[in-house]
Q: 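Structure provided below as C-alpha cells; questions to follow.
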Amino acid sequence: NNVVLIILYINGNIIGSGIFISPKGVLEHAGSVGLSLIVWVCGGGICALGSMCYAELGVTIPKSGGDYSYVTEIFGGLVGFLLLWSAVLIMYPTTLAVIALTFSNYVLQPAFQDCLPPYVATRLLATICILFLTWVNCSSVRWATRIQDVFTVGKLLALVLIIVVGLIQICRGHYDALRPSVAFEFSQEPSVGQIALAFLQASFAYSGWNFLNYVTEEVVEPRKNLPRAIYISIPLVTLVYTLTNIAYFSSMTPEELLASNAVAVTFGEKLLGMFSWVMPISVALSTFGGINGYLFTSSRLCFSGAREGHLPHLLAMIHLKNCTPIPALLVCVSAALTVLPTLSRFTHNLINYVSFINYLSYGVTIAGLLYLRKKRPNLVRPIKVSMLIPITYLIFWAVLLGFSLYSEPVVCGLGMVIMLTGVPVYFVGVHWKDKPKCVYQLVERVTYIGQKVCYVVFPQQDLSETEPLTASKATD
C-alpha cells in the first residue's frame, strides 16, 4: 500500500536520534516535568499545523525540493537561494554529521563501558556509515527506501519497548515524578524565553515532518496520498514521543535525567538488567535510518536547486540506468564529511542553532502560502486549508523565534548571519549573467568530466506534474 510506505518514510525521517537526545534539553529549559510534557504535546500539534499547510503547497506546487521550491516559486530566486544556501551548506551537513557521530558512539559504547569511545574510532565508524549509505542511495532508490522501511520498524519496536516497560512501572506505582504536585515543581523560574528554547529542543526531535515534500514528484498520486499520510504520521509520532518521555520519568527523577549523557541507556540500565544492551543497539538502528533519510532528502534538495539554476547543472543530473542523483549525493556527503572532524561533541547549543534555522525556513514557507492565496486566488488548489491554520502557526512562529533570539542571541543570531552570507553569493553566482567567457568554459568542462565519471544525464521533464500550476497561470 502506497500510503503505508509513505507513512513509514515520514516516521523514519522524524523518529531518529532526537528522541534519545532532546528530552534532556527540553526538561532543562522547561524547568519541570509537567511543562516539558506539555512542550512535547504542543510541539507535535504545531508540526501538525505546519504539515497541513505543506500538504496544500505540495499539491499546488508539485515540485520536489520542499520549502526551497515553494519559496522560489512564490517569492523569487533570492529568498529561495537563501533557504537553499543555509540548508545545503549548514543545516543538513551538520545534522547528518551529528547523527552519524551519535550512531558510532552508541555502537562503540558496549566495548568502552568505563570510558568514552576513542575520538578516531567514532569518526572512522561515522565516516564508514555515511559512505556505505551513500553507496546504497547511489545504487538504487528501492534499496534506500527498503532500508528506511526496515529501520523505521526496528526503532518503532525499540520505542514500544520503552513505552511498555514504562507503563508497567506506572502500573506498579512508580510515578512519583508524574504526580501533578511534583511534576510542576520548577527547578528554575519559568520564562517565555526558556520555554521558547524548550520548543526548539523538541523541534529537533520532530524535524523531518516536512521531508515528504522534498520528493513530491516521486509520490504516487500525491494529491490523495500526501495529506492522508501526513494526517496519520504526525499524531502517531506525537503520541510515541509523549509516551516515551512519560516512560523515562517512570524510572528516573528529573535530576537523574539531566545528569545522564544517554537517556535511553540510563533507562535500560535501571529497568532492563541483563538486557540493557538493547538500548544502545536501538539507538544505533534509529540513527542509521535517520542518516539514510537525510541523505535521501538532502540530495533531492540539491537536485531541485540545480534544476532551478541556483546550483551547478551537474547536480541536476541522474544516473543513466539507476536514475539516482549521484552528483547531488556526493556534494551532500562531502559537506557532511567536512563537518564531521570539527564536531568535538554534541551540544544543546547546536540543537538550538539548527532548530532556529529550521523554524525560520518553515515560517517563511508558510507565509508564502498566505501570500500566494492573495496574489493568485484562482490557482488550482486540490487541498485548501483554513486560513486560521497558517495564521495560528505564524503567530507561534514569530513568538518562538523572537524569544529564542532574545534568550540565545549569539547562537540563534549566528544562524541568521550565515544565511545572509548567501546574498553576495547569489548575486555573483546566479544573478550575474554576463560572466567572463572563461568562467563558462570552466563550468562546461567540469560538467563534462562529472558526467563521464558519474555516468549521469539530464532527466526527462514530466510536464504533467506542473499542469495544474501552468493552467492556473493562464486564468490568473
Side-chain angles (χ1 to χ4, degrees), residues 13-47 50 91 94-95 98-99 101-102 159 183 186-210 234 237-238 240-249 252 254-264 266-267 283 286-287 290 343 345-363 396-397 399-415:
N13 278 295
I14 297 178
I15 300 174
S17 60
I19 185 57
F20 303 109
I21 299 173
S22 293
K24 180 177 178 180
V26 172
L27 179 62
E28 182 179 344
H29 289 295
S32 73
V33 172
L35 186 54
S36 69
L37 292 176
I38 292 174
V39 167
W40 281 106
V41 174
C42 292
I46 294 299
C47 289
M91 201 157 49
T94 303
T95 305
V98 166
I99 296 176
L101 280 179
T102 305
L159 289 175
F186 288 90
S187 59
Q188 60 185 16
E189 190 68 25
S191 66
V192 179
Q194 288 300 312
I195 295 173
L197 293 176
F199 271 102
L200 284 187
Q201 292 284 325
S203 72
F204 181 80
Y206 281 108
S207 62
W209 58 264
N210 63 321
I234 305 300
V237 173
T238 303
V240 169
Y241 278 9
T242 304
L243 291 177
T244 301
N245 278 274
I246 290 174
Y248 286 153
F249 291 121
M252 287 182 280
E255 292 74 21
E256 287 176 327
L257 193 147
L258 291 173
S260 173
N261 290 322
V263 178
T266 303
F267 176 88
V283 177
S286 176
T287 51
L343 297 179
R345 58 178 179 171
F346 190 83
T347 65
H348 294 303
N349 282 341
L350 184 60
I351 294 180
N352 290 336
Y353 162 69
V354 172
S355 299
F356 185 85
I357 298 177
N358 261 328
Y359 254 106
L360 192 61
S361 301
Y362 300 155
F396 174 83
W397 172 78
V399 172
L400 176 70
L401 293 192
F403 280 99
S404 298
L405 189 59
Y406 174 78
S407 300
E408 292 278 4
V410 176
V411 174
C412 298
L414 180 62

Q: For Pro254 versus Leu27, what's the shortest heavy-atom pair and its separation?
A: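 Scanning both residues, the minimum pair turns out to be O-CD2, 3.8 Å.
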Q: May I have all residue pairs that pass side-chain hydrogen bond (donor to acceptor under 3.5 Å, both in side chains) and include part of residues 406-415, sequence neighbours excluded?
A: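 For residues 406-415, and leaving out neighbouring residues, there are no side-chain hydrogen bond (donor to acceptor under 3.5 Å, both in side chains) pairs at all.
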Q: Do the side chain of Ser355 and the main chain of Gln201 share a donor and acceptor less than 3.5 angstrom apart?
A: no
Q: Find out whether Glu28 and Leu197 are in side-chain contact, i.e. whether some heavy atom of one side chain is under 4.5 Å from a heavy atom of the other.
A: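 No, too far: nothing below the 4.5 Å cut-off.
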Q: Using the test side-chain contact (heavy atoms from CB on, under 4.5 Å), find all partners of Ala30 that sit at least two apart in sequence or belong to another chain.
A: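 Here the qualifying residues are Leu35, Ser36, Ala198.
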Q: Is the shortest heavy-atom distance from the side chain of Thr242 to the side chain of Thr238 under 4.5 Å?
A: yes
Q: For Pro23 and Gly18, work out which heavy atoms get closest and say how close.
A: CD-O, 3.7 Å
Q: Considering all heavy atoms of both residues, which atom of Lys24 and which atom of Leu258 are nearest to each other, and what is their separation?
A: CE-O, 2.8 Å
Q: Enter the distance from Ile357:CD1 to Asn352:CG here, rounded to the nearest 0.5 Å.
A: 11.5 Å
Q: I'd like to check Ser22 versus Trp40 (side-chain heavy atoms, cut-off strictly below 4.5 Å). Are they in contact?
A: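 A side-chain contact exists here, since the closest heavy-atom pair is under 4.5 Å.
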Q: Mark yes or no for whether Tyr362, through its side chain, and Cys47, through its backbone, hold a donor-acceptor pair below 3.5 Å.
A: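 Answer holds: no.
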Q: Looking at OG1 of Thr266 and CG of Leu257, how far apart are the two atoms once the value is rounded to the nearest 0.5 Å?
A: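 Taking OG1 in Thr266 and CG in Leu257, the distance rounds to 8.0 Å.
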Q: Any side-chain heavy-atom pair from Val33 and Tyr248 closer than 4.5 angstrom?
A: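 The answer is no, as the side chains (C-beta and beyond) never meet within the 4.5 Å cut-off.
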Q: If you measure from CG on Leu414 to CZ on Phe356, what distance do you get to the nearest 0.5 Å?
A: 10.5 Å
Q: For residues Tyr206 and Gly43, report the shortest heavy-atom separation together with the two atoms involved.
A: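 The pair with the smallest heavy-atom distance is CE1-C, 3.9 Å.
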Q: I'd like to check the side-chain contact (heavy atoms from CB on, under 4.5 Å) partners of Phe396; sequence neighbours left out, ordered by chain and number.
A: Ile46, Phe199, Tyr359, Leu400
Q: Any side-chain heavy atom of Asn245 sitting closer than 4.5 Å to one from Ile19?
A: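 Yes - at least one pair of side-chain heavy atoms lies under 4.5 Å apart.
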